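These notes are about the structure you will find just below.
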Amino acid sequence: MDFARQQRDPTRHLVGITFVILIHLLVIWALLSGLGQRVIEVVKKPLTATIIEEIKAPPPPPPPPPPPPKRLEPPKPVIEQPYVPPPEVTPPAPPAEPVIANVAPTPPPEPVVIAPPVVVAPPAPPKPAIRQGVSCSKRESPAFPREAIRAQVQKGRVNAILTIDEKGNVIDVRIASAEPPRVFDRVVRDTLSEWKCVGEGSKYQASVEINFTLKDE
């Protein structure tokens, strides 16, 4: 085909003109519909640039400290021991010859005299801490108390412990037991504290029993 004839072919020019017209129509439609404005806004938007820093590797650990220098110990001095000569050994002395001496006869032993045993008297039995009964020169019997009569008590018994001094005076009266309790205690204390008993030069205690009967009044 002749190249000059192809260039003068009106059909080829018509296709190119038609393509250019279509492009212009597309641009006009985009401007009218707002698509071109959107493209312009997209182009006008600021571009955000993010700077990515390079990740630095951690610093290497410090080197270990150098080992301490070895301490050189000075050599120990050698102590020389002085020479000690061995002890001299003395030879044993020869045994002495036995000496025969005259032995005198031993006198007969003297007879032993045996002394008779000494008879020791047994110690006296100790006095009891609290005696049963006492000897008194002044000894009045307690009267039947009126409180017991009003309480309709007809009889009673009181066991009292007397403490007597060196001269025989009663210095304390303690009620050990009473039947009925606390009915005759006061009259027993008041009466027995006036007793005069035998003095022995030291204090002692004695137990005394007092019986009360309303028929005796």
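All heavy atoms count here, side chains included; hydrogens, waters and symmetry mates do not. Because the structure is a prediction, the values reported are computed rather than measured.
- Taking 4.5 Å as the limit, every side-chain heavy atom of H24 sits out of range of all side-chain heavy atoms of V27.
- The two residues Y204 and V198 come nearest to each other via the heavy atoms OH-O, 2.6 Å.
- N169 CG to L162 CG: the interatomic distance, rounded to the nearest 0.5 Å, is 12.0 Å.
- Between D190 atom CG and D185 atom CG the span is 10.5 Å, to the nearest 0.5 Å.
- Taking every heavy atom of both residues into account, L214 and V153 meet most closely at CD2-O, 4.5 Å.
- Residues W195 and I164 fail the side-chain proximity criterion, which asks for heavy atoms closer than 4.5 Å.
- Scanning both residues, K155 and P180, for their nearest heavy atoms gives O-CD, 3.9 Å.
- Criterion: ILVMFWY side-chain heavy atoms under 4.5 Å apart, direct or through other members. Under it, I28 and V20 are not part of a common hydrophobic cluster.
- To the nearest 0.5 angstrom, S207 atom OG is 7.5 Å from E209 atom CD.
- Residue R186 qualifies as open at atom CZ: its count of foreign heavy atoms under 6.0 Å is 12 or below.
- Counting all heavy atoms, side chain and backbone alike, K203 lies closest to D165 at CG-CA, 3.9 Å.
- For the pair G133 and A206, the tightest heavy-atom approach, listed with the atom from each and the gap, is O-CB, 3.7 Å.
- R174 contributes atom CZ, which lies 9.5 Å from atom CG of N159 (distance to the nearest 0.5 angstrom).
- Between F184 and F212, the angle of the ring planes stays under 30°, which puts this pair in the parallel group of the 30/60° scheme.
- Counting only heavy atoms from C-beta outward, the side chains of V183 and E147 never approach each other to under 4.5 Å.
- You'll find the side chain of S141 stays beyond 4.5 Å of the side chain of I210, heavy atoms only.
- Q205 contributes atom CD, which lies 8.0 Å from atom CG of D172 (distance to the nearest 0.5 angstrom).
- Side-chain contact check for R139 versus C197: every heavy-atom pair is 4.5 Å or farther apart.
- The NZ atom of K196 sits 14.5 Å away from atom CD of E140, with the distance rounded to the nearest 0.5 Å.
- Put simply, I149 and V188 are part of the same group of oily side chains (I, L, V, M, F, W, Y) that touch within less than 4.5 Å, one to the next.
- Within 6.0 Å of atom CD in E166, more than 12 heavy atoms from other residues, nucleotides or ligands are found, so the atom counts as buried in its surroundings.
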